K.L.:
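Before I ask anything, let me first share the structure, which is written out below as structure tokens.
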Amino acid sequence: MTATTMDGTRRDFLYVASGAMAVVGAAATAWPFIDQMNPTAAALAMATTEIDIASVQPGQQIVYKWRGHPLFVRRRTPAEIASSKAVDVSSLPDPLARNANKPDSAPATDDERVIKSEWLVLIGVCTHLGCTPTVSTPASPEGEYGGWLCHCHGSQYDASGRIRKGPAPQNLAVPPYAFLSDTRIKVG
Amino acid sequence: MRSTALPLGLALGLLVSAPELTPAWALDTARLPVKSGDFSFNGPFGTYDRAALQRGFQVYKEVCAACHGLDHIAFHNLDEAGGPGFTEPQAKAIAAGYKLPADPNDKGEINDDKGNRLTRPGILADKFPPPFPNEEAARANNSGMLPPDLSMIEKAREGGADYVYSIAYGFNMAPPKGFKVTDGKYYNPYFEGWNIAMPPPLVDNAVTYSDGTKATVAQEAHDVATFLAWASDTKMEERKRMGFAVLIFLVVLSGLLFAAYRKVWADLH
Amino acid sequence: MSGPSTYNPKSGFEKWIDQRLPLPRLMHDTMQTFPTPRNLNIWYTFGGILTFCLGVQILTGVVLAMHYVANAGMAFDSVEAIMRDVNYGWLMRYIHSNGASMFFLAVYIHMFRGLYYGSYKAPRELLWIIGVFIYLLMMATAFFGYVLPWGQMSFWGATVITNLFSAIPLVGTQIATWLWGDFAVGDATLNRFFSLHYLLPFIIAGVVGLHVWALHVPGNNNPLGIDVKSPQDTVPFHPYYTVKDAFYLCLFVLLFAVFVFYAPNFFGNPDNYVQANPLVTPPDIVPEWYLLPFYAMLRSIPNKLMGVLVMGGAIVTLFFIPWLDTSRVRSCRFRPLMKQFFWAFAVVCVILGYCGSQSVDAAVAGIPLIWAARLATFYYFLFFWILMPIIGLIETPKKLPTSIAQSVLGEPAAAPAE
């Protein structure tokens, strides 16, 4: 009788152990099948790019391409800078800077959104569902805040790229970038 | 919000000056409803007018092709059934009039002594070569704007042939009071926003038609809209013809099935 | 698949087969002698029509895949080559693209029929739930397929829908990147969508097998919503319903053909004949018509995560219908109160679809459509989660006929006029 119980215990142990091993094996096998869908080495290599911004005139925005996304480089006028600085951060829907060059907790003041006040560098992807917002200029205003308007679902951004109205949850993201010279930036 | 709101005065001005053009939403610069070209290919039995297709091709070739490509059309399409009805020798001659980049010669060179790209005459299998080597060149030659390819334009725009006809024809109107045409742009109320980057392409006698048709702007616009309708939909005539046969077949089959259905169920009761 | 088999193999060969793989027996029992209520109306022909649609989509899809190139640089041109150069390529593509719309038209009629006649109620709960799974798979397949021509709507539709996943807290962005295989929708995305678009229809076909199986255990519901009680209530599937289904299928194909041959781009969007451009968003991104009601719900909510949850919730709700309906009576024919709310629900779905098709700041007669969409969304959830349970409890149904045969053959207590 003792022998049978021993046998039973040993059998149960072997069942559980082999079952557990099989689960581990299945999980380990699944990972390559899941991870193959992530960006390839080639896609990752495209992640850094250098841009010459000398041709951007004050009050103008030029759209470059970075990681398959539009990259907005806007050379702001003193009036746009001043109006962006005057905004009370506590009144903003998203109080965080969303600037990859600053700490995550940085507040959404205009200073925390830029490296040099004149240059606003943004990923041109609406934080709602990924459309490209249309830039606002004095000649053809878009939205009420002098920044951008996303025509897909009506999100409006100010001249600092901060969300002011509409369904988008966050300010337009600032990508990691650095000035290599006065007219050249490295993004990524 | 997409469009600039105009002062009320302008709306009133429009009402007075051009009542037939005044939609209910005249306060903004949304494009006007298209002007119907009343085309031969409208309706379930409509076919392309061969003469209009050939004239329209001439307008495309002599006017539009300076800036606009026809990427998806090959020269052999020109002599195919349902198309402009050129003969094969005519299509070959048209193809030979275009210069395409040649294959490397026997020394492996693709440029001549002066550095120019070697070329060869087009053949039936070739597609129409693009007017500019790449998008950047196209923009550089058109103050930053990109002239769209025309081989699908009538499928890619709401209004189709009527839209192209309206745009080509719509330059002859004076902008309403209070509407400022942007520098470097032209007024065309059939274009969204009313400011179009394309200079008026057509004038009277821009081309000389060999069939003696008088080349007015309206005629040229109508012809080129016809040609581009075919370019967008080269299989339209085949499609409508087959559709007619299919519908007749299905109606007869439905009749038979209905009779069978009634007979089977009648036995039940 | 259930009940005693009436198959009687005649020849020795049939017997030989029957003892080894009783496939002829299965076909005989499910498609020939299967007892089917004798009062099924036109709305019950859409099951067969849907099977036809799936077959058409698979057949034309396999053919199109022989010519299509799943590469971001070549996809658009390859579709044009199919339209212009491939023999009958235009026909295959127009059947496939319009076929998707016809498929959804049929599935919506099929679903509303199920709702109206209470076909989801016991003992057909699993039948309904499997059907909702098929609907989900259809939406996924259609979405992947719409991306393949790589036009502007393909690209931006894919961008908007995949970005829905970025609403998930914490890991949302990683999930979006994982879905894209890049940092944006691109070549990697197109390739995997093509792979999945080719795979899913065969999974749908498998789940349709389960759906038919789950149908053949309890048998068909019927417009009266009462159970089959005697053999007089039924007729054999063949020839009665084969011929009836064939007739209505032929009418359906007639409608299908009108679109394919005379209005092939009726359901399409001109922007999708412009090649995808990641730097330019079209002024209005509009999904295909069959997804518009859900799109309207998404847009009507000003908060991103909430919008996604509401839209997802609208679909998940469908799974719970068998238990949300508390009524003892199946068919709305005998439910005077429910009938009215049902038709209001149908109208609300159309309103949602209309709101979804208009630009986000549009208004009709001074009413901003976003408010219409919000009200309609509210009613959608109200209908299923509040009205359906309550009405089932408080409503007094009309008197049910004693049997299908009695109702059909017009004996004294006939069915209410309808």
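Keep in mind that what you see is a predicted model, and the values were worked out from it rather than measured.
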K.L.:
Report the distance from atom OH of B:Tyr48 to atom CZ of B:Phe227, rounding to the nearest 0.5 Å.
P.N.:
11.0 Å
K.L.:
Could you tell me whether the side chain of C:Tyr248 and the main chain of C:Ile49 form a donor-acceptor pair under 3.5 Å?
P.N.:
no
K.L.:
How about B:Asp149 and B:Ser151: does a side-chain donor come under 3.5 Å of a side-chain acceptor?
P.N.:
yes
K.L.:
About how many Å separate CD of B:Glu237 and CZ of B:Phe45, when rounded to the nearest 0.5 Å?
P.N.:
13.5 Å
K.L.:
Could you please state which residues from residues 76-87 of chain C sit under 4.5 angstrom from chain B, measuring non-hydrogen atom to non-hydrogen atom, sorted by number, or 'none'?
P.N.:
C:Phe76, C:Asp77, C:Glu80, C:Met83, C:Arg84, C:Asp85
K.L.:
Can you tell which part of B:Ala231 gets under 4.5 Å to a heavy atom of chain C, answering side chain, backbone, both or neither?
P.N.:
backbone
K.L.:
Any side-chain to backbone donor/acceptor pair from B:Asn77 onto B:Ile73? Under 3.5 Å, distance only.
P.N.:
no
K.L.:
Does any part of the side chain of B:Pro130, heavy atoms only, come nearer than 4.5 Å to the side chain of B:Phe132, both counted from C-beta?
P.N.:
no
K.L.:
Between B:Phe244 and chain C, which part of the residue has a heavy atom less than 4.5 Å away: side chain, backbone, both or neither?
P.N.:
both
K.L.:
With a 4.5 Å cut-off on side-chain heavy atoms, are C:Ser154 and C:Leu148 touching?
P.N.:
no
K.L.:
Within the 3.5 Å criterion, strictly below it, is a donor on B:Thr87 or B:Asp79 matched to an acceptor on the partner's side chain?
P.N.:
no
K.L.:
With a 4.5 angstrom heavy-atom cut-off, which part of C:Val260 approaches chain B: side chain, backbone, both or neither?
P.N.:
backbone
K.L.:
With only heavy atoms counted, which part of B:Thr234 is less than 4.5 Å from chain C, the side chain, the backbone, both or neither?
P.N.:
side chain
K.L.:
Check whether B:Val264 gets within reach of chain C through its side chain, its backbone, both or neither, counting any heavy atom under 4.5 Å.
P.N.:
both
K.L.:
Heavy-atom distance under 4.5 Å to chain B: side chain of C:Leu249, backbone, both or neither?
P.N.:
neither
K.L.:
Will you find, in the side chains of C:Tyr44 and C:Asp245, an N or O donor that is under 3.5 Å from an N or O acceptor?
P.N.:
no
